[in-house]
Amino acid sequence: RHAMPDAMSSPPDASTQLPPRYDAAAVQEAVARVWEQERAFHAEPTDPGEPFCIVIPPPNVTGALHLGHALNNTIQDILVRRARMQGKNAVWIPGTDHAGISTQAVVDKRLQAEGKPSLKDYKKLEAEGKNGREQFVALVQAWKDEYEARILGQLRAMGCSCDFERTAFTMDEKRARGVREAFFRLFKDGLIYRGKRLVNWDPATQTALSDDEVENEEVDGHFYYLRYPLDSGSGSLAADPDHRLAAGATPEYVTVATTRPETMLGDTAVAINPKDPRAAELRGRFVRLPIVNRLIPIIEDDYVVMADPDSEDAKAKYATGFLKVTPAHDPNDWEIGQRHDLPVINVFAPDATISDQHGWPREDFEQGGAAQFLGLDRYEARRAIVAWFRENNLLEDVKPYRHSVGHSYRSHVPIEPYLSDQWYVAVKKPIPWMANGGVVEGTDVPKNSLAGLALTALRGSGSLAAVPAPGDSEHRLAAGATSELSFVPDRYAKTFRQWHENIRDWCISRQLWWGHRFPVWHKRLELADKEQGFEFFWSDFDEVMEGTIADAAIVVRETSSGRQLSAEDVFGTNDEGAHLRFKGIVDVFTSDRRSDSYTANASQDPDVLDTWFSSALWPMSTLGWPDESAISNLKSPLNVWNPTDVLCTAREIITLWVSRMVMFNRYMRGHPDERREGTSNVERRTSNAEMPETEEARSPALDVGRSKFDLGRNFCNTLWNAGRFVIGSIAQVVPAQNPEPLPYGRGSEPTIIDRWILSRLARTVQAANEALDEYRFDRYATACYDFFWRDFCDWYVEASKPAMRQGGDAAIQTAHVLATCLDISLRLMHPMIPFATERLWWALNDVMPARGIPGRFELAPAERCIRAKWPQFDEKMDTLTSQGAERVVERLQEIVQAIRTVRTENKVEPRRTVHVTIRYPANVAHHLAANKATVELWAGCEIVEMGESAAEPAGSAKTTAAGCEIFVADIADPAA
RNA sequence: GGGCCGUUAGCUCAGUUGGCCAGAGCGCCUGCCUUACAAGCAGGAUGUCGCAGGUUCAAGUCCUGCACGGCCCACCA
């Protein structure tokens, strides 16, 4: 009566439009086109909904995306798609990272492999004033363009719902502006300084590295025991500069133990622990450094470990009690040197060969034999020097020793502690405009320092109010902002905390060409400029600057007479005085409005910034910072979406990246406004059952093998086919257009099977949401899989067939249940299987635009799955659950499985119907009777008799299940 | 040296606050092209839950120690 005849006679068979085998590429293409046309991934800050933002950890442009990226990006896509469906104003910002040292190294390696001019050659050109740098950077740029395009193509191919209109690159012009602005602000606050210090030097790439870019590796080395002859007199160096041991005299000596004998050329003292019994005797005496003949003092420092051959401690065990002190080539010795005001003698060139061109005084070559080692690399020098000591009877012993040595995380060569001028960010220094809140409990980290900001960002650590700087419009955002940084799993919060408690100043300069060049110009002034060059403080800035403070130009000067500005001169404070040794003039420009006349005679600092400096700004710079429009407009992307909601990254990057991002975000935004910079750990949350679609729909663009993705591929196909079938079946029983929802079987109660599948559906919604709320993607996937494949396809769809064929009210009733299950399944699985669910969604819309269980449960219609309302487990959803129905159907399933087992065991042909007799207890009688036909269908049998006292047929096989005795007759093949 | 994580079926892994016969996928065995699906369906085999103790009525699950594997941190001459 309900237009059924029409529907049956002209079935708008949607299934015919859907090919029987899931063609991932075709579906993907069709769906992607529609999404693109409709700008489905695009969001504007003015859109309705609670803001939700994820920034992609920008992949390095060193190469194409790999499996790890696919996984991480899939996780992010699941989160952002769900948020979008939840009605949030969700955006996912894509982009790439210039990855300074890595990319430069990769390109250089490629050039070398191709036999083309490489970095070395361009360096030569540059030295000759022939634009070598420019040419090399252009080559890297070309590489970057190629891989950036490839990476973005891969993201699209995977179905990542990034807002590609907001694609960013860490070194594009907008991000470069952010870098200059950040540098300016830090500099202005006295948080950036230049210092001559021992840095982690990579002799292969010839750049400094931050502490975090150094990897320790165990290596087999040796302890060399070197004898340093004692100076026989107790006089001073000045008193007897030419003192040498008399030939043939019995040498008195001290023995030092070292793993790096080659550094002895730069020794400037021998240290002994003041508690050492020998200390008193040696007080005030000197040793004559072999080879170079330098007279160096014996000093006392309690850093020195006293010798103890029986000690468990390797250091004490191997120690002699005497420590050679080489301030230029060992971090500890540097510290000792600082304490005792020792000379610093650098005997290495930047490539770690012995050199007299980098601070080794001429005097050392006037006597002794140091010159013979010049030009040797550090390992050749080691062998040669050990040989020298052996020949001169000064080598006491050599012991094998396994110890850890720092290696460059890029070139993998051992790090050389190397003295050089570098730029630093003072991470523990109080930020001038921020209220002094004391130190973070149990640490020496001031709360109002960068490290302090990171520590107080952690959930439960309390927050610190900012003191607004006059005229800085950002600070009004501070009101009511809370600090909420948490980690998933939360144990990584500990890593984060410990790292910041022990943090040291961040070396941000790199001697590379590929990167953000320091916005700093050096220039020496002529004497005529003297008055102009001297006196200024921050309050005077407008006078000495080119332009106004709005131009963001800082000028720091010294005179040509060589007087260096102290920190006090520049900043009105002497906090970092020891390290502030500016050479020449330092101009910092953060805008492009610096005048040519000003930079005409100046040279830009050749260094580039640590790649993490620009990465640290990513959550701001991708959202428009530092544009005035972004900062002042409350509805700008920056103010709506920063701080971002969740960050998905690898754990090893917590210190390199996450830390700096938190510091910068909180510092630059001017207040503790991090909301939830959650970090979901990728590895931890990974399992094979996790990403069913990784292969087919998400990673054809990736060069990976197929084996690991069978489950996902198979599931996609099952989803496709089941969807196709359900949609086709529905089309058979409902009119082509159903402007009004069909009644649910008019007056009939839902069957127990219907109630069961709807209950399972609701439970799945609940489980999936709980899993996603905890970032348990594996559970989310498993819940969806179990429901859709196991419950829905294996059991319900089979059980629905008779009713659907039968037509009439039963068919309509069943169609509603089928449609509801498919509808919610598609919504629920869309974040993980975006393409297939979207395509099926359209087909389902074609045959049945209004869905739900009429009068009981409505579903909000949507044209596109990507924007369909996300299924939440709420009170309404809860009305679908039924423990009773689930229990009953479980029993029926047990009975069916038992019958199937009997069939298989007895080799009954699958198509043959067997006759079954069931003897059941009273409590299942009703349910079994009511579902007799379904059990028969599922088990492929005919139930000839059932009851509490059903008779056992002769010649039947017996089994038990769910408290029933089941007899299966007709086991033997009648034809046999 | 300090810390963290892992050790469950041939392989990759789930096992929530300790509770009935320890699970999934892949692989393997048997039978099926049953009109959504062979990228599938039905059935099946496979585990001293790293080792040794302990707590408990009950331990893969909690405690202690050990072994192996992996990761992080540290200024070890």
Side-chain angles (χ1 to χ4, degrees), chain A residues 15 18 20-22 24 198 211-212 215-216 223-224 256-261 263 270-271 303-305 312-326 330-336 401 403-406 417 489 491-492 494-495 498-499 502 504 650-652 654-655 681 683-684 686-690 692 695-696 706-729 770-771 774 776 778-779 781-782 785-786 789-790 793-794 797-798 801 805 896-912 938-940:
Chain A
S15 67
L18 303 174
R21 179 171 280 219
Y22 178 53
L198 226 46
D211 294 340
D212 310 282
E215 292 171 348
N216 287 307
F223 250 117
Y224 300 90
V256 297
T258 181
T259 55
R260 302 205 51 200
T263 64
V270 168
Y303 170 77
V304 180
V305 173
E312 298 280 312
D313 180 23
K315 203 195 284 188
K317 192 175 163 189
Y318 285 94
T320 64
F322 293 101
L323 175 67
K324 66 188 272 303
V325 182
T326 323
D330 182 281
N332 299 310
D333 293 8
W334 170 261
E335 297 292 325
I336 295 171
Y401 182 61
H403 61 132
S404 70
V405 173
R491 68 189 128 89
Y492 289 107
K494 210 163 103 184
T495 304
Q498 283 175 352
W499 188 77
N502 303 312
R504 290 186 296 173
R651 69 171 90 94
E652 65 268 18
I654 290 174
T655 52
N681 185 277
E683 290 88 346
R684 183 63 189 156
T686 299
S687 76
N688 288 339
E690 190 174 323
E695 156 82 349
E696 278 303 277
R706 305 197 137 223
S707 58
K708 295 187 87 172
F709 301 99
D710 289 346
L711 173 60
R713 184 188 48 179
N714 298 354
F715 184 74
C716 283
N717 197 52
T718 287
L719 167 64
W720 184 256
N721 277 300
R724 203 166 56 86
F725 174 71
V726 167
I727 290 163
S729 305
E770 282 172 3
E774 294 169 34
R776 291 300 307 261
D778 55 339
R779 288 188 186 178
T782 304
Y785 170 94
D786 284 345
W789 202 334
R790 303 278 79 103
C793 292
D794 290 354
V797 170
E798 288 308 313
K801 286 175 180 174
R805 288 201 197 98
V896 168
Q897 282 167 334
I899 295 171
R900 285 173 177 170
T901 303
V902 170
R903 294 181 60 114
T904 305
E905 281 173 352
N906 293 285
K907 302 201 190 320
V908 177
E909 290 166 30
R911 310 191 65 160
R912 191 151 63 82
W938 278 339

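Here is the naming used below: chain letters follow the sequence lines, and residue numbers restart at 1 for every chain. These numbers come from the heavy atoms of this one structure, side chains and all, not from hydrogens, waters or symmetry mates.
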Self-check item: Listed nucleotide nearest any side-chain atom of A:Arg724, set B:C37, B:G31, B:G43
Solution: B:C37

Exercise. In whole angstrom, give me the gap between the P atoms of B:A22 and B:A45.
Key: 13 Å

Self-check item: Given B:G43, B:C32, B:C41, the nucleotide with the shortest approach to the side chain of A:Trp789
Solution: B:C41

Quiz item: NZ of A:Lys907: more than 12 outside heavy atoms within 6.0 angstrom?
Solution: no

Quiz prompt | P spacing across the pair B:C11 / B:U56, given as an integer number of angstrom | solution = 37 Å

Quiz item: Considering only B:A14, B:A77, B:G40, which nucleotide approaches the side chain of A:Thr718 most closely?
Solution: B:G40

Quiz item: Of the candidate nucleotides B:A36, B:A77, B:A14, which contains the atom at the shortest distance from the side chain of A:Arg776?
Solution: B:A14

Quiz item: Rounded to the nearest Å, what distance is computed from the CD atom of residue A:Glu215 to the P atom of nucleotide B:A74?
Solution: 12 Å

Quiz item: When you check the phosphate oxygens OP1 and OP2 of B:G25, does a side-chain N or O of A:Arg790 lie under 4.0 Å from one of them?
Solution: yes

Quiz item: Starting at CZ of A:Arg805 and ending at C1' of B:A36, how long is that distance when rounded to a whole Å?
Solution: 11 Å

Exercise. May I have the step-by-step check of side-chain contact (heavy atoms from CB on, under 4.5 Å) for A:Arg724 and A:Tyr22, ending in yes or no?
Key: CA-CA 10 Å; A:Arg724 203 166 56 86; A:Tyr22 178 53; over 6 Å; no

Quiz item: Within this structure, what is the CG-to-P distance between A:Asn721 and B:C37, rounded to whole angstrom?
Solution: 6 Å

Exercise. Give one of base, sugar-phosphate or nothing for A:Val304, where a contact means two heavy atoms less than 4.0 Å apart.
Key: base

Practice problem: Could you tell me which nucleotide pairs with B:C71 by Watson-Crick or G-U wobble geometry, both distances under 3.5 Å, or answer none if nothing does? | Solution: B:G3

Quiz item: Is there a side-chain contact between A:Asp330 and A:Thr263 (heavy atoms, below 4.5 Å)?
Solution: no

Quiz item: Whole Å only: how far is the CD atom of A:Glu905 from the P atom of B:C32?
Solution: 17 Å

Exercise. Write down the distance separating the C1' atoms in B:A9 and B:A14, rounded off to the nearest Å.
Key: 13 Å

Practice problem: Start with the C-alpha distance between A:Leu323 and A:Ile336, add both sets of side-chain angles, then the distance that settles side-chain contact (heavy atoms from CB on, under 4.5 Å), and finish with yes or no. | Solution: CA-CA 11 Å; A:Leu323 175 67; A:Ile336 295 171; 3.8 Å; yes

Quiz item: Looking at CH2 of A:Trp938 and CG of A:Asp794, how far apart are the two atoms once the value is rounded to the nearest 0.5 Å?
Solution: 10.5 Å

Quiz item: Between B:G31 and A:Arg903, is there an OP1 or OP2 to side-chain N/O distance shorter than 4.0 Å?
Solution: no

Quiz item: Closest nucleotide of RNA chain B for A:Ala722 versus for A:Gln498: which of these residues is on the 5' side?
Solution: A:Gln498

Quiz prompt | Any strand: nucleotide that pairs with B:G19 via Watson-Crick or wobble, under 3.5 Å | solution = B:C57

Exercise. Sticking with atom C1', work out how far B:G54 lies from B:G10, rounded to a whole angstrom.
Key: 34 Å

Quiz item: Does OP1 or OP2 of B:C76 have a side-chain N or O of A:Tyr401 closer than 4.0 Å?
Solution: no

Practice problem: If B:G10 has a Watson-Crick or G-U wobble mate with both distances under 3.5 Å, name it; if not, just say none. | Solution: B:C26

Exercise. Report the distance from atom OH of A:Tyr303 to atom C1' of B:A77, rounded to the nearest whole Å.
Key: 6 Å

Quiz item: Contact class for A:Asp794 (heavy atom, under 4.0 Å): base, sugar-phosphate, or nothing?
Solution: sugar-phosphate

Quiz item: For B:U34, what is the paired nucleotide under Watson-Crick or G-U wobble rules, both distances under 3.5 Å?
Solution: none

Quiz item: Between A:Arg900 and B:G43, does any side-chain N or O lie under 4.0 Å from OP1 or OP2?
Solution: yes

Self-check item: A:Asn714 CG - B:C26 P separation (whole Å)
Solution: 7 Å

Quiz item: When you measure from the side chain of A:Ala319, which nucleotide among B:A36, B:A77, B:A39 comes out closest?
Solution: B:A77

Quiz prompt | Contact under 4.0 Å: A:Trp720 side-chain N or O vs B:G40 OP1/OP2 | solution = no

Quiz item: Is A:Lys801 near enough to B:A36 that one of its side-chain N or O atoms lies under 4.0 angstrom from OP1 or OP2?
Solution: yes

Quiz item: Counting just side-chain N and O atoms, does A:Tyr785 come under 4.0 Å of either OP1 or OP2 of B:G25?
Solution: yes

Quiz item: How far, in whole Å, is B:C41 from B:U35 if one measures between their P atoms?
Solution: 15 Å

Exercise. Just call it for A:Glu335: base, sugar-phosphate, or nothing, with non-hydrogen atoms closer than 4.0 Å on any strand.
Key: nothing

Practice problem: Let me know the distance between CZ of A:Arg911 and C1' of B:U34, rounded to the nearest Å. | Solution: 5 Å

Self-check item: RNA chain B: 5'-proximal contact among A:Thr259 and A:Glu798 (nearest heavy atom)
Solution: A:Glu798

Practice problem: Go through the steps to decide whether A:Ile654 and A:Trp499 satisfy the test side-chain contact (heavy atoms from CB on, under 4.5 Å), and finish with yes or no. | Solution: CA-CA 9 Å; A:Ile654 290 174; A:Trp499 188 77; over 6 Å; no

Self-check item: Worked verdict on A:Asn714 versus A:Trp789 for side-chain contact (heavy atoms from CB on, under 4.5 Å)
Solution: CA-CA 11 Å; A:Asn714 298 354; A:Trp789 202 334; 4.0 Å; yes

Quiz prompt | A:Arg260 side chain near B:A77 phosphate (N/O to OP1/OP2, under 4.0 Å) | solution = no

Quiz item: B:A74 C1' sits how many Å from A:Trp499 CH2, rounded?
Solution: 14 Å

Exercise. Considering only atom P, compute the distance from B:C49 to B:U8 and round it to an integer number of Å.
Key: 11 Å

Self-check item: Integer angstrom distance from the P of B:C13 to that of B:C71
Solution: 15 Å

Self-check item: B:G60 versus B:C20 - spacing of their C1' atoms, nearest Å
Solution: 16 Å

Practice problem: Report yes or no: is there a donor-acceptor pair, N or O only, under 3.5 Å between the side chain of A:Arg779 and the base of B:A14? | Solution: no

Quiz item: Between A:Tyr224 and A:Arg260, is any side-chain donor less than 3.5 angstrom from a side-chain acceptor?
Solution: no

